[in-house]
Engineer: 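A single structure is presented below for examination.
For the numbers below, each heavy atom of this structure counts, side chains included, while hydrogens, waters and symmetry mates do not.
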Amino acid sequence: MASLGWETLREWGKDTVRLERLAGGVANDVWLVRIKGQRAVARLGNRSDADLAWEAKLLNFLDRNGLIVPVPVPTCDGRLFAKGLMVITQLDGEPPQTESDWRKVAHTLRQLHHLTLKFPQRPGWMSSVDLLHQETGTRIDLTKMPPEGVRKCRAAWARLVGRQMSVVHGDPNPGNVMIKDGRVALIDWDEARRDVSELDLALPHNAGDLLRDAHQIASQACSAWEAAVCWGDEYAVKRLAEVRDI
């Protein structure tokens, strides 16, 4: 995908240029770009229009409600994405390091969850609880996993039944969280979906203040999710090994 599709960047203006590829793009080819003299981040992938529309709506909604998130930069004719390409504002800051930092992250994630209690599911996605009865959803295909692996994942997800649902960021690791002037910014919303809120709160130092059993349940469910999403490589096998009967 190094060059295929990038001609669409002209939709943001003839002077728009790619500057350098950014690390961390799994579902997308991600570049730092310059638009009208300002730096932004461009993501090119194969997500559907419905998927991108959901993400754009979510990010704009969170921005309007005071969260620091990247927001879509419209094309010259006002579209929020074009042919699989979305351009978003660039945010900067430092990753969380201390327990105090992570508690700020947890507070921001709880704000996200409160704001999105009624937000719809991302088109084509499934929640962890949905996958107790469904086999496929977006990048997850349980038919490709060994039966014992599916059993372990579903046992972990079954413990989430009945817990609060909302939009979750889905991957609040240090690479996707930045702190600047004491405020938390959440970037990389590739794994965002409607799911059990506590999945976001299995954080370092138990900064989400989950009870011991709740923290263990959330951590196990997250490991199961990543194993299923990435199934087929060594990382997925490692994550599945972390899922155990509790």
Side-chain angles (χ1 to χ4, degrees), residues 1-2 5-6 8-9 21-33 40-63 67-73 80-93 95-96 105 108-109 112-113 115-116 119-128 130-131 136-141 165-178 184-197 199-203 221-233 235-236 239:
M1 204 190 302
W6 279 105
T8 306
L9 196 59
R21 178 179 270 117
L22 299 177
V26 176
N28 303 283
D29 191 17
V30 185
W31 282 73
L32 182 67
V33 299
V41 175
R43 298 172 12 207
L44 177 63
N46 57 7
R47 292 267 168 89
S48 69
D49 284 357
D51 186 300
L52 292 173
W54 182 92
E55 183 181 358
K57 181 179 179 180
L58 173 67
L59 294 176
N60 280 326
F61 170 75
L62 296 176
D63 176 65
L67 268 64
I68 303 177
V69 297
V71 293
V73 177
L80 300 182
F81 54 87
K83 298 179 182 178
L85 180 63
M86 181 183 284
V87 178
I88 55 178
T89 53
Q90 182 189 24
L91 301 177
D92 58 5
V105 174
T108 300
L109 289 167
L112 160 68
H113 302 155
L115 287 168
T116 58
F119 213 83
Q121 180 60 281
R122 192 169 191 157
W125 286 65
M126 296 286 177
S127 70
S128 303
D130 291 331
L131 288 168
T136 60
T138 319
R139 289 191 289 142
I140 289 181
D141 185 349
M165 302 279 288
S166 67
V167 170
V168 296
H169 177 276
D171 193 16
N173 69 68
N176 293 335
V177 181
M178 296 185 297
V184 174
L186 299 172
I187 64 173
D188 193 349
W189 292 78
D190 282 345
E191 294 297 322
R193 62 192 184 278
R194 183 173 177 82
D195 213 321
V196 173
S197 305
L199 292 174
D200 271 346
L201 298 174
L203 300 170
C222 287
S223 293
W225 180 271
E226 292 196 24
V229 167
C230 302
W231 189 254
D233 61 22
Y235 175 77
R239 295 312 303 263

Engineer: Which pair of non-hydrogen atoms, one from T8 and one from L85, has the smallest distance, and what is that distance?
Structural biologist: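 Minimum heavy-atom contact is C-CD2, 4.0 Å.
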
Engineer: Which pair of heavy atoms, one from M126 and one from T136, lies closest together, and at what distance?
Structural biologist: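 That would be CG-O, 3.6 Å.
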
Engineer: Looking just at side-chain N and O atoms, do D200 and H113 make a donor-acceptor pair shorter than 3.5 Å?
Structural biologist: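 Yes, a side-chain donor-acceptor pair sits under 3.5 Å.
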
Engineer: Answer whether the closest heavy-atom distance between the side chains of P172 and L109 falls below 4.5 Å.
Structural biologist: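 Yes. Closest side-chain heavy atoms under 4.5 Å.
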
Engineer: So how far is it from I68 CD1 to M178 CE, rounded to the nearest 0.5 Å?
Structural biologist: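 The CD1 atom of I68 sits 9.0 Å away from the CE atom of M178.
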
Engineer: Considering residues at least two apart in sequence or located in another chain, which fulfil the side chain to side chain donor-acceptor pair (under 3.5 Å) criterion with D63?
Structural biologist: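 Counting only residues at least two positions away or on another chain, D63 forms no side chain to side chain donor-acceptor pair (under 3.5 Å).
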
Engineer: Side-chain contact, heavy-atom cut-off 4.5 Å: L67 with L115?
Structural biologist: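 Side-chain contact under 4.5 Å: yes.
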
Engineer: When rounded to the nearest 0.5 angstrom, what distance separates CG in L52 from CG in L80?
Structural biologist: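 Going from the CG atom of L52 to the CG atom of L80 covers 10.0 Å.
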
Engineer: According to side chain to side chain donor-acceptor pair (under 3.5 Å), who are the partners of R43, at least two apart in sequence or on a separate chain?
Structural biologist: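 With sequence neighbours excluded, R43 shows a side chain to side chain donor-acceptor pair (under 3.5 Å) to E55, given in chain and number order.
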
Engineer: Is it true that a side-chain atom of N173 and a backbone atom of G175 form a donor plus acceptor pair closer than 3.5 Å?
Structural biologist: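 Checked: pair present.
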
Engineer: CZ/R193 to CG/L58 distance, rounded to the nearest 0.5 angstrom?
Structural biologist: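 Those atoms lie 13.0 Å apart.
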
Engineer: Validate the cation-pi geometry between R122 and W189: distance from NZ or CZ to the six-membered ring centre under 6.0 Å, angle to the ring axis within 45°.
Structural biologist: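 No - R122 does not lie over the ring of W189 by the 6.0 Å and 45° rule.
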
Engineer: List the residues meeting side chain to side chain donor-acceptor pair (under 3.5 Å) with T116, not counting sequence neighbours, and say none if there are none.
Structural biologist: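 With neighbours one apart ignored, the set is empty.
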
Engineer: Given side chains that start at C-beta, do those of V87 and L9 come closer than 4.5 Å, heavy atoms only?
Structural biologist: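 When only atoms from C-beta onward are counted, L9 and V87 do touch, with a gap below 4.5 Å.
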
Engineer: Using a 4.5 Å cut-off on heavy atoms from C-beta on, say whether the side chain of W125 contacts that of D51.
Structural biologist: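 They are in contact (side-chain heavy atoms under 4.5 Å apart), so the answer is yes.
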
Engineer: Just how far is it from atom CZ of R239 to atom SG of C230, taken to the nearest 0.5 Å?
Structural biologist: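 If I round to the nearest 0.5 Å, the distance is 8.5 Å.
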
Engineer: Looking at CG of L59 and CE of M86, how far apart are the two atoms once the value is rounded to the nearest 0.5 Å?
Structural biologist: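 Spacing of CG (L59) from CE (M86) equals 7.0 Å.
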
Engineer: With heavy-atom distances below 4.5 Å as the criterion, would you say the side chains of L186 and V177 are in contact?
Structural biologist: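 In short, these two side chains touch, coming nearer than 4.5 Å.
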
Engineer: I'd like to check D190 versus D171 (side-chain heavy atoms, cut-off strictly below 4.5 Å). Are they in contact?
Structural biologist: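 Of all side-chain heavy-atom pairs linking D171 with D190, none is under 4.5 Å.
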
Engineer: How about I140 and W225: do any of their side-chain heavy atoms sit closer than 4.5 Å?
Structural biologist: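 Yes, close enough: below the 4.5 Å cut-off.
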
Engineer: Can you tell me how far CG of L112 sits from CZ of F61, rounded to the nearest 0.5 angstrom?
Structural biologist: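 Nearest 0.5 Å value for the CZ-CG distance: 9.5 Å.
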
